[in-house]
Undergrad: 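Input: one structure, supplied below.
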Amino acid sequence: EDKVVQSPLSLVVHEGDTVTLNCSYEVTNFRSLLWYKQEKKAPTFLFMLTSSGIEKKSGRLSSILDKKELFSILNITATQTGDSAVYLCAGVNDMRFGAGTRLTVKP
Amino acid sequence: SQTIHQWPATLVQPVGSPLSLECTVEGTSNPNLYWYRQAAGRGLQLLFYSVGIGQISSEVPQNLSASRPQDRQFILSSKKLLLSDSGFYLCAWSADRGAQPQHFGDGTRLSIL
């Protein structure tokens, strides 16, 4: 059965810290891996990763995929309180989501 | 640009009552449509997805059903709600399953009493 596992489940850091969130997957007919940020309501799209070893970057956030080892990481540098959220990853073929990592950034 | 509408935002229903949640997408045609449920503090569980009118795939056997009467309309229903149906329900669309990211509606928070 396909599965996506995220770690850690929760994380508390202080502003300015750098964090790394992990996502491992076992997905049949894998096509891509997606990262989302969820605050109060709808998850918002962050990154879509299809190729191994190519870093995607958006401001202080970056992500990379390792298709050989079947995992992805999401890095956030110089964290801010506005980064507090649940971060979700999903393995596609069938959009199977992990349980999420709840990140809390303290001032 | 494409938008997705989901309503209502919150709903409180008694056990045994019926349910109908609606989701519509604007600005695109033939979208892939999805219903998810998110229990408190948990990830998203895929309930149903649809690649076209009248085409529904169910991921988990349950008390719920889905229908797609029009190209950009996706409805989640139940004839008799259970306490375990409580949760946060999200509708999403994508242009191409797997090759394009999903975009989510704002969700419906359903409480069963």
Side-chain angles (χ1 to χ4, degrees), chain A residues 1-11 21-25 27-51 56 58 61 63 65 67 72 74 84-104, chain B residues 1-11 21 23-25 28 31-51 55-61 66 74 87-110:
Chain A
E1 182 181 308
D2 291 355
K3 61 180 179 180
V4 177
V5 179
Q6 290 187 247
S7 64
L9 291 181
S10 65
L11 190 56
L21 309 182
N22 304 292
C23 176
S24 66
Y25 64 91
V27 174
T28 308
N29 299 322
F30 175 82
R31 296 181 69 181
S32 60
L33 188 132
L34 306 176
W35 282 98
Y36 289 86
K37 177 183 181 181
Q38 185 179 27
E39 295 176 87
K40 297 290 185 184
K41 294 183 178 178
T44 53
F45 171 71
L46 295 175
F47 298 110
M48 182 176 202
L49 304 162
T50 55
S51 300
K56 293 217 171 178
S58 176
L61 277 67
S63 185
L65 177 69
K67 291 171 78 171
S72 173
L74 175 69
S84 295
V86 175
Y87 290 84
L88 297 162
C89 71
V92 185
N93 189 28
D94 61 355
M95 288 306 299
R96 187 169 299 274
F97 279 82
T101 294
R102 180 173 297 278
L103 174 65
T104 303
Chain B
S1 64
Q2 301 88 1
T3 55
I4 179 167
H5 303 280
Q6 190 180 340
W7 66 93
T10 58
L11 190 59
L21 302 181
C23 172
T24 59
V25 180
T28 186
N32 294 303
L33 296 172
Y34 310 82
W35 277 110
Y36 289 89
R37 176 169 60 204
Q38 186 175 32
R42 304 286 295 274
L44 276 63
Q45 179 187 32
L46 180 62
L47 301 176
F48 301 96
Y49 70 89
S50 172
V51 298
Q55 300 177 63
I56 310 293
S57 295
S58 174
E59 291 294 304
V60 188
F74 205 23
F88 189 49
Y89 289 83
L90 286 158
C91 179
W93 77 273
S94 69
D96 181 342
R97 188 166 179 244
Q100 296 291 330
Q102 292 181 326
H103 304 278
F104 287 84
D106 282 341
T108 295
R109 195 161 299 282
L110 175 64

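Proteins come first, then strands; the chains are lettered A, B, ... in the order of their sequence lines, and each starts at number 1.
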Undergrad: Who pairs with K41(A) by side-chain contact (heavy atoms from CB on, under 4.5 Å), at least two apart in sequence or on another chain?
TA: F88(B), D106(B)
Undergrad: Which heavy-atom pair separates L90(B) from P43(A) by the least distance, and what is that distance?
TA: CD1-CD, 3.9 Å
Undergrad: Select, from R109(B), H103(B), Q102(B), the one with the greatest count of heavy-atom pairs under 4.5 Å involving chain A.
TA: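 It is Q102(B).
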Undergrad: Please list, chain by chain and in numerical order, all residues satisfying ring pair (Phe, Tyr, Trp, His ring centres under 6.0 Å) with Y36(B), sequence neighbours excluded.
TA: F97(A), F104(B)
Undergrad: Given heavy-atom pairs under 4.5 angstrom as the criterion, report whether the side chain, backbone, both or neither of Q6(A) touches chain B.
TA: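 Neither part.
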Undergrad: Where does L44(B) contact chain A at under 4.5 Å (heavy atoms): side chain, backbone, both or neither?
TA: both
Undergrad: Tell me, side chain or backbone of F30(A) under 4.5 Å from chain B's heavy atoms, or both, or neither?
TA: neither
Undergrad: Indicate the atoms forming the closest heavy-atom contact of G105(B) with A42(A), along with that distance.
TA: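 Nearest pair, atom of G105(B) first, then A42(A): O-CB, 2.8 Å.
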